[in-house]
Protein chains: 2
Amino acid sequence: MVTETVENYLKAVETLSRQGEVGVARLAQELRLTKGTVTSMVQRLARRGLLRAPRYGSVSLTPLGRRKALDVLRRHRIIECFLVRYIGLDWTEVHVEAERLEHALSPRVLNRLDALLGHPSRDPHGDPIPTARGHLRVAKDVPLDRLATGARARIERVMHQSPRFLRTAASCGLLPGAAVVVMQSASGASGVQLRIGRRAPVRVGRSIAQRVMAVEVEQPRLRRRASRAARATDRKVGVA
Amino acid sequence: MVTETVENYLKAVETLSRQGEVGVARLAQELRLTKGTVTSMVQRLARRGLLRAPRYGSVSLTPLGRRKALDVLRRHRIIECFLVRYIGLDWTEVHVEAERLEHALSPRVLNRLDALLGHPSRDPHGDPIPTARGHLRVAKDVPLDRLATGARARIERVMHQSPRFLRTAASCGLLPGAAVVVMQSASGASGVQLRIGRRAPVRVGRSIAQRVMAVEVEQPRLRRRASRAARATDRKVGVA
DNA sequence: TCAGTAAGTTTGACGAGTCAAACTTTGGGG
DNA sequence: CCCCAAAGTTTGACTCGTCAAACTTACTGA
Ligand SMILES: [Mn+2]
Ligand SMILES: [Mn+2]
Ligand SMILES: [Mn+2]
Ligand SMILES: [Mn+2]
């Protein structure tokens with residue numbers, strides 16, 4: 001039986017592994033546990049065939065483990081969509097709620113929810129939702145601080161789940177779907193200067209710019225409508 | 001911290017205590033655990049001030065324990081309403097789903113859900129929903145096998161959660177809100193003969209009649225509209 | 001009245017999940 | 001090349017929730 005705890009470990013390995021090696025220390029930090037605890041748990045999961053855990057090496061998911069991790073991730077993100085759309089929660093707060101509900105949702109209910117939402121492909125933060133068959137689309141977006149001066153781009157996702165961070169991002173219009181123009185690209189520690197939508201240009205610090213992902217837009221002068229999701233969120237957050 | 005396990009114990013004590021003494025054996029049966037396990041758990045909960053557990057006596061809830069039990073029950077029943085109304089699950093199946101979700105719902109989400117549903121006072125089985133302040137209305141309904149011949153009544157609730165049982169009840173029209181006339185009252189083991197709605201009279205066995213609760217209707221000839229809940233359920237179950 | 005049975009308790013054991021603290025390995029800077 | 005801090009592991013202990021099996025108490029009905 002896969003407990004809530006096990007699901008959380010697997011999900012953590014999956015998400016951390018998208019940004020480099022997954023060490024015990026990193027996992028321990030993510031899960032807010034001690035290193036010793038993580039070492040022993042990781043060894044047990046390896047014995048169960050869910051992880052590979054070479055001694056002193058980087059932890060990785062087996063196909064089975066990955067499958068289960070993506071199942072959890074799918075539940076998590078579909079729940080987030082649902083909480084925003086039907087329950088009326090703010091996108092800055094849904095993460096914690098989903099963190100608990102993701103373990104209590106039967107396949108039945110999940111499927112109904114998915115259908116009710118029209119089979120969404122992204123959650124409110126712009127993160128892709130794994131398919132029911134366990135496939136996760138790889139995003140080819142880039143953090144704002146890698147964009148060159150003059151680039152035009154569309155915000156794809158806002159990484160990092162803390163409400164503090166998300167509120168800050170939202171307050172300057174950095175929401176999935178928003179259009180941005182880079183007035184002055186990031187250099188040193190000074191951050192990046194942006195025009196977001198039709199707002200006055202603002203300077204965005206490195207720590208934020210690193211965590212907001214965007215894709216460059218090819219046809220900049222062609223006026224595009226913001227996506228439905230972006231407009232809905234705008235209303236919710238009170239963006240003009 | 002109140003774990004899922006503890007919540008289940010408290011809820012079980014609360015519901016069982018409405019039908020007599022709550023002994024360890026009865027609790028063990030309800031929770032599908034051994035007597036020994038229940039004894040020790042019940043003693044721990046007593047130490048925590050949630051239960052009273054006199055040696056060899058009947059278990060009961062302290063005010064604190066009762067409060068927590070009713071909170072869980074409230075969550076359970078609101079979730080059931082939600083699953084029927086928004087997710088489209090059948091009333092015969094919502095119980096198991098709610099059994100897991102009831103432990104994962106934050107007060108925030110619960111309140112939104114409650115509002116979304118228009119603050120329902122009963123769940124799909126007709127069971128009353130405790131208020132947010134922890135008050136549970138006492139029902140003065142009576143099982144079908146206590147009704148006299150000629151009595152006219154309205155079904156209030158169908159006790160017992162097994163899908164098998166609920167499907168059987170539904171198949172002969174015994175749903176909350178349905179109108180019944182007692183053609184022949186229960187006697188011996190023979191069950192009761194009923195006219196349910198406008199259907200042809202049927203004989204309902206004791207085991208069923210004992211678990212379907214009804215209230216006598218004063219003005220039998222005054223044609224009353226079925227409650228909204230009853231009609232919704234009728235559609236779902238395919239009742240004419 | 002008292003024997004048999006149902007109800008309740010105790011005991012000893014276990015797996016999951018966790019921590020603190022001591023210990024070992026690894027890898028990069030001097 | 002070597003040292004040492006960071007990363008990883010081990011050890012010993014603890015709580016929670018559970019079981020099986022032996023034991024004790026209470027009640028019922030003959
Ligand atoms: Mn979680
Ligand atoms: Mn998300
Ligand atoms: Mn439950
Ligand atoms: Mn119910």
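Below, chain A is the first sequence line, B the second, and so on; all start at residue 1. Computed over heavy atoms, backbone and side chain alike; hydrogens, waters and symmetry mates excluded.
For Glu21(B) and dC27(D), the CD to P distance is 11 Å, given to the nearest whole Å. Here the C1' atom of nucleotide dG17(C) and the CE atom of Met1(B) are 15 Å apart, to the nearest Å. Atom CG in Leu45(A) sits about 8 Å away from atom P in dG17(C), given to the nearest Å. Atoms CZ (Arg47(A)) and C1' (dG15(C)) sit 12 Å apart, rounded to a whole Å. Remark: P of dA5(D) and NZ of Lys35(A) are 14 Å apart, rounded to the nearest angstrom. Rounded to whole Å, atom C1' of dG8(D) lies 16 Å from atom CG of Leu31(A). Atom CG in Leu27(A) sits roughly 12 Å away from atom P in dT18(C) (whole-Å rounding). Put simply, CZ on Arg32(B) is 12 Å from P on dC19(D), counting in whole angstrom units.
One side chain, His103(B) or Asn8(B), offers a donor N or O that lies under 3.5 Å from an acceptor on the other.
Contact annotation for Gly23(A): backbone-only contact, meaning every heavy-atom pair under 4.0 Å involves sugar-phosphate atoms and none involves a base. Using a 4.0 Å heavy-atom criterion, one finds that Thr5(B) contacts the sugar-phosphate atoms exclusively. Note on Arg55(B): only backbone sugar-phosphate atoms sit closer than 4.0 angstrom, heavy atoms only; bases stay farther off.
Note on Tyr56(A): every side-chain N or O is 4.0 Å or more away from OP1 and OP2 of dT10(D). Of the side-chain N and O atoms in Thr34(A), none sit less than 4.0 angstrom from OP1 or OP2 of dA20(C). Remark: Gln43(B) is not in phosphate contact with dG8(C), judged by side-chain N or O atoms under 4.0 Å from OP1 or OP2. Close to dT18(D), at under 4.0 Å from its OP1 or OP2, lies no side-chain N or O of Ser40(B). For dG17(C), the OP1/OP2 oxygens have no side-chain nitrogen or oxygen of Thr37(A) closer than 4.0 Å.
Between dA16(C), dT18(D), dG8(C), one nucleotide has an atom nearer to the side chain of Arg44(A) than all others, and that is dA16(C). Here dG17(D) is the nucleotide among dT9(D), dG17(D), dG8(C) with the atom lying nearest to any side-chain atom of Thr3(B).
Atom CG of residue Leu45(A) and atom CG of residue Leu10(A) lie 6.0 Å apart, to the nearest 0.5 angstrom. Atom CD in Gln210(B) sits 10.5 Å away from atom CE in Met213(B) (nearest 0.5 Å).
The aromatic rings of His76(A) and His95(A) sit tilted, their planes meeting at an angle between 30° and 60°.
Salt bridge present: Arg75(A) and Glu7(A) bring a charged side-chain N and a carboxylate O closer than 4.0 Å.
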